[in-house]
Protein chains: 2
Amino acid sequence: MNDSDEGASRRKDARRNKETLLDAAAAVFVTSGVEAPVRDIAAEAGVGLGTIYRHFPTRADLIIAVYRHQVEACAEAGPALLRSSATPHAALAQWIDHFVDFLVTKHGLAAVLQSGNADFDALHAYFLDRLVPVCTQLLEAAAAAGEIRSALQAYELMRGVGNLCIGADSDPRYDARRLVELLIAGLRLPAPRG
Amino acid sequence: MNDSDEGASRRKDARRNKETLLDAAAAVFVTSGVEAPVRDIAAEAGVGLGTIYRHFPTRADLIIAVYRHQVEACAEAGPALLRSSATPHAALAQWIDHFVDFLVTKHGLAAVLQSGNADFDALHAYFLDRLVPVCTQLLEAAAAAGEIRSALQAYELMRGVGNLCIGADSDPRYDARRLVELLIAGLRLPAPRG
DNA sequence: GACGATACGGAACACCGTTCCGTTTAACAA
DNA sequence: TTGTTAAACGGAACGGTGTTCCGTATCGTC
């Protein structure tokens, strides 16, 4: 854990406020979704707007900070699954499942991730930088094992899965997990010359 | 064509402005995307903001009006494909392809369709009302022919396809068509006991 | 040409993310 | 303890949304 001191201030109140803000943001994200107004988060934390923007230069930075640990955990789960699973394809499926679980339980996160809104480019880039290499590794292992057709880049798969998760909360008629399953099923190689 | 007179005004300038507005909106949507500011459209049409909002009570209504003809054409293409195609599954695949082409060529339309933003509920509802029944018909025909696993509602498939199209413009690394193909491939029944 | 209904334009409003700056406060030295 | 100073604070203000409102201009009719 080298992230607890890298941006830490000399002043106790500043450190405390940053923690308070992260907690408040996490709470507001749960109840109102990731797109909740910055003012709501400031109010929840009992803090002014200036304080938010000093600690987190942009909304995207705040969102990244809130979910960093979970994204790191997801990234680290990839190699672990590859070691513990029966086949690379099983590892891939489980990893995607893990990722989908993460996205689906964060109201509006998937939508914001793929919104194309320039405000969230940093968020988009962070997710991609951290997770695409892991996905590539899983994909290549599965391809090497001859379990999948290899015509798909990890980037494309990640975006596709992310897209499928949009709106999965707040709509009981739409089950993103099932569609992602279908996508992964379509990826599987049916037979050498089907 | 009964939509050319259903909301037509008694005044010539009003009718002309509505046409001008539709053309201007279409032009702006092509260059700046569907999320272009209303003011840009008003400026392009050489018209005030009030005029836009009298003819189209909400942004969503304007978008619906601009794309109505194409959505109708898509809806009508469903039964036609079912008649002209070799198998129901082929008809389904072609129809989905048609729909994807439509979405992918309209900057930001897919994103706005699934944004969950209440402002666009009417747009979302219109697409669904018009296209889900068509998709249901195709899906049921393919299921009856034993070509697909039937565990997917048309609503879910439409949302999934729509989601996959988000951001397909403006990112050469992401090919929505390929992912939709994979999804449809995953839908196909491999064998009675695979 | 006059008149009433209709439509027009754009200022004004509410809300957003973000910036700016005068004020407060923590940390430290004397 | 007290004084000094750099850091952090709060929130008004800015620029940009979608939308509303209403005084003004215009069309169709008599």
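Computed over heavy atoms, backbone and side chain alike; hydrogens, waters and symmetry mates excluded. Every chain is numbered from 1, with letters handed out A, B, ... down the list of sequences.
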Below 4.0 angstrom from OP1 or OP2 of D:dA8, is there any side-chain N or O of A:Asn17? no
Nearest-nucleotide pick for B:Ala14, side chain only, options being C:dC8, C:dG17, D:dT17: C:dC8
Any N or O donor-acceptor pair under 3.5 Å from the base of D:dG16 to the side chain of B:Arg39? no
To the nearest Å, how far apart are A:Phe120 CZ and C:dT18 C1'? 13 Å
Indicate whether OP1 or OP2 belonging to D:dG18 is found under 4.0 Å from a side-chain N or O atom of B:Thr58. no
Quick one: A:Ile52 CD1 to D:dA8 P, roughly how many Å, whole number? 16 Å
Please state whether the phosphate of D:dA7, meaning OP1 or OP2, lies under 4.0 angstrom from any side-chain nitrogen or oxygen of A:Ser9. no
For D:dA8 and A:His55 - does any side-chain N or O of the residue sit under 4.0 Å from the phosphate oxygens OP1/OP2? no
Below 30° counts as parallel, above 60° as perpendicular, anything between as tilted: where do the rings of B:Phe99 and B:Phe127 land? tilted
Tell me which pairs pass salt bridge (charged side-chain N to carboxylate O under 4.0 Å, His left out) where either residue lies in residues 151-167 of chain B, with sequence neighbours left out. A:Asp171-B:Arg159, A:Arg178-B:Glu156
Mind listing the closest non-hydrogen atom pair of A:Ala176 and A:Cys165 along with its distance? CB-CA, 3.9 Å
Which of B:Leu103, B:Leu128, B:Ile166, B:Ile63 passes side chain to side chain contact (heavy atoms under 4.5 Å, CB included) with B:Leu113? Answer is B:Leu103
Within the distance-only criterion (no hydrogens, no angle test), does the side chain of A:Ser85 pair as donor or acceptor with the backbone N or O of A:Leu82 below 3.5 angstrom? no
Output one letter per nucleotide in nucleotides 19-30 of chain C: B when a protein non-hydrogen atom lies under 4.0 Å from the base, S when only the sugar-phosphate is that close, - when neither is. B-----BSS---
Earlier contact from the 5' end, DNA chain D, for A:Gly48 and B:Asp119: A:Gly48
Let's see if you can work this out: which of C:dC8, D:dG10, D:dT17 has an atom nearest to the side-chain heavy atoms of A:Thr51? D:dG10
Is any side-chain heavy atom of A:Leu152 less than 4.5 Å from a side-chain heavy atom of B:Leu179? yes
